[in-house]
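Starting from 1, each residue takes its place in the sequence as its number.
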Amino acid sequence: MGRVFNFSAGPSQLPESVLKIAASEMLDYHGCGQSIMEMSHRSKVYDDIIKECESLLRTVMQIPDNYKVLFLQGGASSQFAMVPMNLMTKNGKADYVLTGVWAKKAYKEASRYGKCRVVASSEDQNFNYIPKLKKEDFDPEADYVHICMNNTIYGTWYNEIPDTGDVPLVADVSSCILSRPIDVSKFGVLYAGAQKNMAPAGVTVVIIREDLVGHAMDITPTMFNYQTHVDAKSMFNTPPCYCIYIMKLVLEWIQNEVGGIKKMETRNMKKQKVMYDFLNDSPFFNPTVPAKEDRSWMNAPFTMVKPELEEQFLKEAEYYGFYNLKGHRSVGGFRASIYNAMPIEGVEELVFFMDEFQRRNAPELCQDL
Ligand SMILES: *Cc1c(COP(=O)(O)O)cnc(C)c1O
């Protein structure tokens with residue numbers, strides 16, 4: 001079978017050239033006579049891989065020197081606890097903006113460790129927008145402000161980074177990291193599970209400003225203390241070796257094949273334009289996020305005016321090789337996740353299919369197209 005276009009929200013597609021390199025190096029990595037999966041993480045060969053991965057991430061994202069980069073496990077979900085355990089220790093309080101399920105989970109978990117306040121929420125409209133935030137909305141005494149930068153389920157993202165003054169900004173960037181340049185210096189902590197835009201599931205990237213390390217609560221498990229992993233350079237215990245290796249290949253792909261993060265942004269900009277231009281003009285499919293500036297470039301949820309045809313649409317889509325378009329149950333309809341590795345052809349062909357589907361199933365609506 002040929003490769004399909006996988007529109008899953010995660011785990012998601014990886015660049016084909018990365019998979020090919022990984023396949024060619026599977027049995028014998030660079031003359032080592034073994035696979036990376038089988039190798040000691042303390043070996044010189046592996047040490048070079050993890051160092052190169054960090055160095056590439058620093059280059060691609062232009063991470064300033066006063067930030068540490070950690071490769072951890074436990075997914076973004078573990079960060080929901082790790083962040084408060086390490087940062088909510090000055091005044092014992094933090095501000096949270098609720099823009100979806102993940103943001104709420106982060107808030108709920110952090111509330112177990114201190115006083116969390118909801119600064120703003122978009123739950124009144126099923127999270128289909130990003131609340132407008134002013135500096136005065138935030139508590140200057142808060143130990144940090146937490147946001148979820150891209151809301152994977154609802155298809156919204158922050159077009160502008162909120163100004164929190166001197167309060168460190170912590171952002172879950174699981175589903176938008178590496179999709180376009182981001183000014184790391186505006187954040188205290190950035191964290192992301194890898195399985196959307198970076199690597200297979202199993203590694204979590206944490207980018208943390210140095211001065212925020214070393215203040216964990218006494219109850220913090222050793223494995224949940226950022227200091228542990230800073231001291232051991234992400235090698236306190238066995239790291240997710242293979243995932244980190246794939247991440248290195250993905251970063252090389254961004255640098256060498258795509259041409260850097262600015263080019264990545266241009267590519268993603270074009271892809272989302274094809275998607276949303278079609279949805280805007282379609283009398284049959286509708287995007288679920290009304291405000292254009294809030295629409296995520298990574299996840300595009302949409303509905304159709306004849307919901308009785310949803311099953312048929314998904315079946316036909318799969319027949320043509322467009323996989324995992326079913327929307328999340330809390331939004332319904334459909335969702336096309338078009339992360340970095342989705343080529344523009346994938347979006348163009350999907351839109352072509354959707355156009356044909358609407359003309360065939362709702363000719364009465366499509367006369368003016
Ligand atoms: C997928 C996702 C998560 C959950 O990540 P895990 O690595 O599975 O814990 C958290 N936040 C956002 C924004 C996500 O998209």
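Donor-acceptor pairing under 3.5 Å is recorded for the side chains of Ser282 and Gln358. There is a side-chain donor-acceptor pair under 3.5 Å between Ser296 and Asn150.
The distance from atom NZ of Lys271 to atom CD of Glu345, rounded to the nearest 0.5 Å, is 10.0 Å. The structure places CE of Met342 at 8.0 Å from CG of Leu350, a figure rounded to the nearest 0.5 Å. Gln272 contributes atom CD, which lies 7.0 Å from atom CD1 of Ile338 (distance to the nearest 0.5 angstrom). Atoms CG and CZ, on Asn6 and Phe322 in that order, are 12.5 Å from each other to the nearest 0.5 Å. Taking CZ of Phe224 as the reference point, atom CD of Gln79 lies at 7.5 Å (rounded to 0.5 Å). To the nearest 0.5 angstrom, Leu72 atom CG is 7.5 Å from Tyr226 atom OH.
Within 6.0 Å of the NZ atom in Lys306, the count of heavy atoms belonging to other residues, nucleotides or ligands exceeds 12. Around atom CG of Asp65, no more than 12 heavy atoms belonging to other residues, nucleotides or ligands sit under 6.0 Å away. For Arg360, the CZ atom sits in a packed shell: over 12 heavy atoms of surrounding residues, nucleotides or ligands are nearer than 6.0 Å. Crowding of Arg112 atom CZ: a count of heavy atoms from other residues, nucleotides or ligands under 6.0 Å not exceeding 12. Within 6.0 Å of CD in Glu38 there are more than 12 heavy atoms belonging to other residues, nucleotides or ligands.
Every pair tested for salt bridge (Lys or Arg N to Asp or Glu O under 4.0 Å) that includes a residue from residues 149-168 fails, sequence neighbours excluded, so the list is empty. Here ring pair (Phe, Tyr, Trp, His ring centres under 6.0 Å) pairs that include residues 147-182, with residues two or more places apart or in two chains, are Phe127-Tyr154, Trp157-Trp297.
The heavy-atom pair separating Arg117 from Asp137 by the smallest distance is NH2-O, 2.9 Å. Considering every non-hydrogen atom in both Ser179 and Met298, the closest pair reads CB-CE, 3.5 Å. Here the closest non-hydrogen pair linking Thr156 and Thr99 is OG1-O, 4.5 Å. The two residues Met88 and Cys116 make their nearest non-hydrogen contact at CE-SG, 3.8 Å. Of all the heavy atoms in Pro168 and Asp143, the pair that sits closest is CD-O, 3.4 Å. The shortest heavy-atom contact between Val18 and Ile246 is CG1-CG2, 4.1 Å.
A salt bridge between Glu311 and Lys315 is absent, with no side-chain N of the basic residue lying under 4.0 Å from a carboxylate O of the acidic one. A salt bridge does not link Lys20 with Glu257: every distance from a Lys NZ or Arg NE/NH1/NH2 to an Asp or Glu carboxylate oxygen is 4.0 Å or more. We find that Lys93 and Asp139 are joined by a salt bridge, their nearest charged nitrogen and carboxylate oxygen being less than 4.0 Å apart. For the pair Lys51 and Glu54, the salt-bridge criterion is not met [side-chain N within less than 4.0 Å of a carboxylate O]. With respect to the salt-bridge test (charged N to carboxylate O, under 4.0 angstrom), the residues Asp47 and Lys44 do not qualify. Ion pairing between a basic and an acidic side chain is recognised when a charged N comes within 4.0 Å of a carboxylate O; Lys105 and Glu109 show no such pairing.
Inter-residue side-chain proximity for Gln13 and Pro343 is flagged as met; some heavy-atom pair is nearer than 4.5 Å. In this structure the side chain of Asn86 reaches within 4.5 angstrom of the side chain of Asn225, judged on heavy atoms.
Judged by distance alone, the side chain of Asp95 and the main-chain N or O of Phe138 form no donor-acceptor pair under 3.5 Å. Checking side-chain atoms of Asn280 against main-chain N and O of Pro287 turns up no donor-acceptor pair under 3.5 Å.
Tyr46 and His41 have their aromatic ring centers separated by at least 6.0 angstrom. The ring of Tyr245 has its center closer than 6.0 angstrom to the ring center of Tyr29. Side-chain rings of Phe313 and Phe285 approach one another, their centers coming within less than 6.0 Å.
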Show the numbers, then the answer: is there a side-chain hydrogen bond (donor to acceptor under 3.5 Å, both in side chains) between Asp124 and Tyr129? CA-CA 10 Å; Asp124 58 333; Tyr129 69 101; 2.8 Å; yes

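Hydrophobic clustering (ILVMFWY, side-chain heavy atoms < 4.5 Å, transitive): Tyr67 and Ile261 are in one cluster.
Ile254 pairs in a side chain to side chain contact (heavy atoms under 4.5 Å, CB included) with only one of the listed residues (Leu56, Asn197, Val60), which is Val60.
Ring orientation note: the planes of Tyr96 and Tyr144 are nearly perpendicular, at an angle over 60° on the 30°/60° scale. Under the 30°/60° scheme for interplanar angles, the aromatic rings of Phe80 and Trp102 are found to be tilted.
When hydrophobic side chains of Ile, Leu, Val, Met, Phe, Trp and Tyr are connected at separations under 4.5 Å, Leu369 ends up as a singleton with no cluster partners.
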